[in-house]
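I have a structure here, written as structure tokens, and I will follow up with some questions on it.
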Amino acid sequence: MVYLKKSFKIILITYLLGFWPSEPVKAQSTEGIDVERPVVEKNGKVDVSIELNHTDWKYKTGETAVFEVHIKNEGGRSLPVGLITYKIGPEKMKPLKEGTLELKNDEVVIAEETMQEPGFLRCEVEVEVGGQSYKATATAAFSPEEIKPTTKTPLDFSEFWDTAIHKSKSVPLNKKLTLLEDRSTDDVDVYQVEYEFLNQEIEKFYGVLCMPKQQGKYPAVIRFPGAGWAPLSGDKATAAKGFITLDLYIHGRPVTESREYYDSLKVNELKDYMYKGIDDRDSFYYHNVILGCVRAVDLIYELPGFDGENLGAWGSSQGGALSLITTSLEDRIDYFVALCPAMCDFTGYLHNRAGGWPHFFLKPELYEGREEKVQTALSYYDVVNFAQSIKVPGFFSWGFNDATTPPTSFYSAFNVIQSPKKTFIIPEGVHKIYPEQRKKTYDWLLGNLE
């Protein structure tokens, strides 16, 4: 159980707001709102943010995190602040402390809290200024490297996936490359690629393949997609640097259709695809997805332009999960990147803490009356159970304010990986890819593959 200090304190301090120079808005003040939008009043830009007394937002269990709420403007005079609403508690859980305070002039709110078990404590505030609502979030990490998973590993986990993968490779790839001239450049040829594998029946996978036009042998990168319905467009920038890139589309349909086509899939066949078959390990939607991702490695190895030895994986969110999973199942992947990986420690919610996207056990309607069956089936797809067997170096990056893939969940997987790990943390980061994350992960991955 999470334990907070009984002596919860709200301290009000008068804070005279002076001129605030223009600067990039911190991510913790932009989750779900536009803090750069002018208020209806005369005070110009409003910046509501939460600062912690540790600059890296990390604490040991039992240490005290001090949350300070700052309300600033650049007009040099007091903001018309009235009510501030706050809630504090473990991420995704019911708040342990919440309330509303009436603020006069321009105060700063400070809350002091601790946790006695490893995890993440989130403070969220909302304030109305000039008739508009502004929010801010900050999440303190307490001994995150000591978070342990709640999921159980099935006794036949390895046998299940070895058998399924062996079966999937029992049919030829039958790969087909179709040149997409309108996407190609002077330096890069772009193709729609399709290939086959066996699940219950023969299945097709598609992707966007980018290859340098100049003859030669090149390393390759497979990019796994985040959750969604529309395909990625291809990584021509990386291909132009001398790499083969493959952007997978996991839904078994061509990547060249109109936007209307994919919008139709979103509300029809692919609506809530991540919840399909969750009570059966053989028919769960991601069974087919994982087999197709693993088979993509065979595709890369069949390309005459591949150098035959340097292969990397890259993904964020759902793609981060698939990057981890595929790396664990395919020993020909040499390096991998996982940003804010999803699908980690699904059962966290059954142990009073956050679980991984897509939050199966946060939604009773998905499992009521069949909890044990669903829990057993999903254990074959939990990233934690794949992560334990990873043997190659990986680069991880995330933010503590991530409300989609909760940090508690992905640390559950991260902590069981025994291979070399590199991390880049943006404490105030939310569920998005920041430019510095993209640069650092690509520099690391491409540098190792060259």
Side-chain angles (χ1 to χ4, degrees), residues 2 4-55 57 59 64-115 120-141 399-403 406 427-431:
V2 176
L4 278 74
K5 286 177 63 176
K6 292 182 180 179
S7 58
F8 171 79
K9 297 200 296 185
I10 298 290
I11 305 171
L12 303 182
I13 301 177
T14 301
Y15 187 89
L16 182 59
L17 294 175
F19 176 79
W20 187 250
S22 178
E23 63 178 16
V25 180
K26 292 185 178 180
Q28 70 259 34
S29 63
T30 61
E31 185 173 8
I33 62 169
D34 180 6
V35 299
E36 303 241 38
R37 181 178 54 196
V39 296
V40 179
E41 297 291 322
K42 310 164 190 151
N43 294 302
K45 184 168 62 178
V46 175
D47 182 10
V48 180
S49 64
I50 304 176
E51 296 180 5
L52 285 113
N53 56 322
H54 286 191
T55 55
W57 293 19
Y59 301 81
T64 299
V66 180
F67 297 89
E68 294 188 8
V69 180
H70 295 269
I71 306 167
K72 304 174 181 178
N73 78 344
E74 62 181 5
R77 65 187 186 88
S78 300
L79 290 172
V81 177
L83 296 179
I84 181 168
T85 302
Y86 69 90
K87 56 183 178 180
I88 300 175
E91 47 173 355
K92 308 298 284 188
M93 298 286 101
K94 183 178 179 180
L96 299 176
K97 299 285 184 181
E98 59 183 322
T100 301
L101 297 169
E102 183 175 359
L103 302 187
K104 299 176 181 179
N105 299 319
D106 36 30
E107 292 98 342
V108 176
V109 178
I110 302 176
E112 297 182 3
E113 299 291 350
T114 190
M115 294 180 75
F120 287 81
L121 188 66
R122 182 162 291 165
C123 175
E124 298 176 340
V125 300
E126 183 172 0
V127 60
E128 188 172 293
V129 180
Q132 295 192 40
S133 179
Y134 297 87
K135 297 178 181 179
T137 301
T139 308
F400 292 164
N401 277 348
D402 195 328
E428 66 271 25
V430 296
H431 193 72

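Sequential numbering from 1 along the given sequence is applied to the chain's residues.
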Using modelled atom types and a 3.5 Å cut-off, is there a donor and acceptor pairing between side-chain atoms of N401 and backbone atoms of P427?
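Not at all, since once roles are kept as given, no pair shorter than 3.5 Å links the two residues.
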Can you check whether G89's main-chain N or O pairs, donor with acceptor, with K97's side chain at less than 3.5 Å?
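No, because the side chain of K97 does not come within donor-acceptor range (under 3.5 Å) of the backbone of G89.
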Mind checking the CD-CD spacing from E51 to E68? Nearest 0.5 Å is all I need.
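Rounded to the nearest 0.5 Å, the CD-CD separation comes out at 6.5 Å.
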Where A138 and F67 come nearest, the two heavy atoms and their spacing:
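Distance-wise, the nearest heavy atoms are O-CE2, 3.7 Å.
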Considering non-hydrogen atoms only, spot the tightest contact between V66 and N53 and give its length.
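Between these two residues, the closest heavy atoms are N-OD1, 2.8 Å.
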Is it true that a side-chain atom of R122 and a backbone atom of F400 form a donor plus acceptor pair closer than 3.5 Å?
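Between the backbone of F400 and the side chain of R122 there is a qualifying donor-acceptor contact (under 3.5 Å).
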More than 12 foreign heavy atoms under 6.0 Å from NZ of K87: is that the case here?
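It does not: K87 NZ has 12 such atoms or fewer within range.
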CD of E124 to OG1 of T139: how many Å apart, nearest 0.5 Å?
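Those atoms lie 7.5 Å apart.
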Between S133 and E126, does any side-chain donor sit less than 3.5 Å from a side-chain acceptor?
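Yes, side-chain donor-acceptor contact under 3.5 Å.
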Can you find a heavy atom in the side chain of D402 that is under 4.5 Å from one in the side chain of V430?
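Of all side-chain heavy-atom pairs linking V430 with D402, none is under 4.5 Å.
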Between Y86 and T100, what is the shortest heavy-atom contact and its length?
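What the structure gives for the nearest pair is CE2-N, 4.1 Å.
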Contact between E428 and W57 at the side-chain level, heavy atoms closer than 4.5 Å - yes or no?
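Contact flag for E428/W57 side chains = yes.
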Report yes if some heavy atom in the side chain of P90 is under 4.5 Å from a heavy atom in the side chain of L96; otherwise report no.
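Touching, per the 4.5 Å side-chain cut-off.
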So, for S49 and A136, which heavy atoms are closest and what is the spacing to 0.1 Å?
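So the two residues come closest at CA-CB, 4.0 Å.
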Taking the side chain as everything from C-beta on, heavy atoms only, tell me whether Y59 gets closer than 4.5 Å to L52.
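SC-SC contact between Y59 and L52 confirmed.
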Evaluate H70 against D47 for side-chain contact (heavy atoms from CB on, under 4.5 Å), listing each step before the verdict.
CA-CA 8 Å; H70 295 269; D47 182 10; over 6 Å; no
Nearest heavy-atom pair of K92 and A403: which atoms, and what distance?
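The answer is NZ-O, 3.1 Å.
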